[in-house]
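The model shown is predicted, which means the values in this text are computed figures rather than measured ones. For this chain, numbers begin at 1 and follow the sequence in order.
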Amino acid sequence: QLQLVESGGGLVQPGGSLRLSCAASGFTLDYYTIGWFRQAPGKEREGISCISSTGSNTNYADSVKGRFTISRDNAKNTVYLQMNSLKPEDTAVYYCAADRYYYCSGYVPIGSGFNYWGQGTQVTVSS
């Protein structure tokens with residue numbers, strides 16, 4: 001069974017950092033584009049970053065550009081989202097998603113393009 005599991009969320013003060021992980025089981029992430037999404041209460045899901053299967057292409061939403069970094073370690077079958085300079089408006093449930101054919105380039109990821117999703121991890125930025 002193909003599964004994605006996010007971890008690393010939690011409560012952090014404004015200006016702090018967190019690193020989210022997206023670990024795959026039941027399949028190898030080597031050939032998959034990975035996207036990170038988030039959804040705050042009462043808001044629509046927002047695509048924030050993606051990374052191509054080789055890691056050569058990445059893209060970020062303007063809202064996180066310069067603060068978040070996506071990376072992958074295919075040997076560990078894991079993708080990461082390093083989040084720095086966190087703001088209260090970053091508070092949301094964060095999801096990773098995978099798709100073998102999604103092309104990550106030039107625009108933020110679109111959720112409908114991804115077939116496999118994790119269950120999400122809560123990130124709360126508050127003093």
> Using modelled atom types and a 3.5 Å cut-off, is there a donor and acceptor pairing between side-chain atoms of T33 and backbone atoms of Y102?
yes
> Given 3.5 Å as the limit, does a donor-acceptor pair link the side chain of T28 with the main chain of D30, or not?
no
> Give a yes or no answer on whether the side chain of N77 reaches the backbone of L29 with a donor-acceptor pair at less than 3.5 Å.
yes
> Using a 3.5 Å distance criterion without hydrogens, assess whether the side chain of T78 forms a donor-acceptor pair with backbone atoms of K76.
yes
> Would you call the rings of F37 and F114 parallel, tilted or perpendicular, where under 30° means parallel and over 60° means perpendicular?
perpendicular
> I need the I70 CD1 to N57 CG distance, nearest 0.5 Å.
11.5 Å
> I'd like to check K87 versus P14 (side-chain heavy atoms, cut-off strictly below 4.5 Å). Are they in contact?
no
> Can you see whether T124 engages S126 through a side-chain donor-acceptor pair at a distance of less than 3.5 angstrom?
no
> Please examine the side chains of W36 and V79, heavy atoms only from C-beta on, and report whether any two atoms are closer than 4.5 Å.
yes
> Is the shortest side-chain heavy-atom distance between V93 and T121 below 4.5 Å?
no
> Decide, yes or no, whether a salt bridge links K65 with D62 under the criterion of side-chain N to carboxylate O below 4.0 Å.
yes
> Is the closest side-chain heavy-atom distance between R72 and C22 below 4.5 Å?
no
> So how far is it from L2 CG to F27 CZ, rounded to the nearest 0.5 Å?
5.5 Å
> Would you find more than 12 non-hydrogen atoms of other residues, nucleotides or ligands less than 6.0 Å from Y31 atom OH?
no
> Just by modelled atom types, is the E46 backbone N or O under 3.5 Å from a matching donor or acceptor in the R38 side chain?
no
> For Q119, check side chain to side chain contact (heavy atoms under 4.5 Å, CB included) against everything at least two apart and list the hits.
V5, E6
> Strictly distance-based, threshold 3.5 Å: is any side-chain N or O of S49 a donor or acceptor partner for the main-chain N or O of N59?
yes
> Before you tell me yes or no, could you show the steps for D73 and Y80 under side chain to side chain contact (heavy atoms under 4.5 Å, CB included), namely the whole-Å CA-CA distance, both residues' side-chain angles and the distance that decides it to 0.1 Å?
CA-CA 8 Å; D73 185 341; Y80 304 98; 4.0 Å; yes
> Under a 4.5 Å side-chain heavy-atom rule over Ile, Leu, Val, Met, Phe, Trp and Tyr, are V108 and V64 clustered together?
no
> To the closest 0.5 Å, what do you measure between CD (Q82) and OG (S71)?
8.0 Å
> Looking at side-chain heavy atoms only, is the closest gap between V123 and T91 below 4.5 Å?
no
> Please verify the inter-ring angle class for Y94 with F68; under 30° counts as parallel, over 60° as perpendicular, anything in between as tilted.
tilted
> Between Y95 and L86, is there a shared hydrophobic cluster once you connect ILVMFWY residues whose side-chain heavy atoms come closer than 4.5 Å?
no
> To the nearest 0.5 Å, what is the distance between CD on E89 and NZ on K43?
8.0 Å
> Could you tell me the separation between the CZ atom of R19 and the CG atom of L81, rounded to the nearest 0.5 Å?
10.5 Å
> If you round to the nearest 0.5 Å, how far is SG of C50 from CD1 of I34?
10.0 Å
> Could you check if a side-chain atom of M83 sits within less than 4.5 angstrom of a side-chain atom of V12, using non-hydrogen atoms only?
no
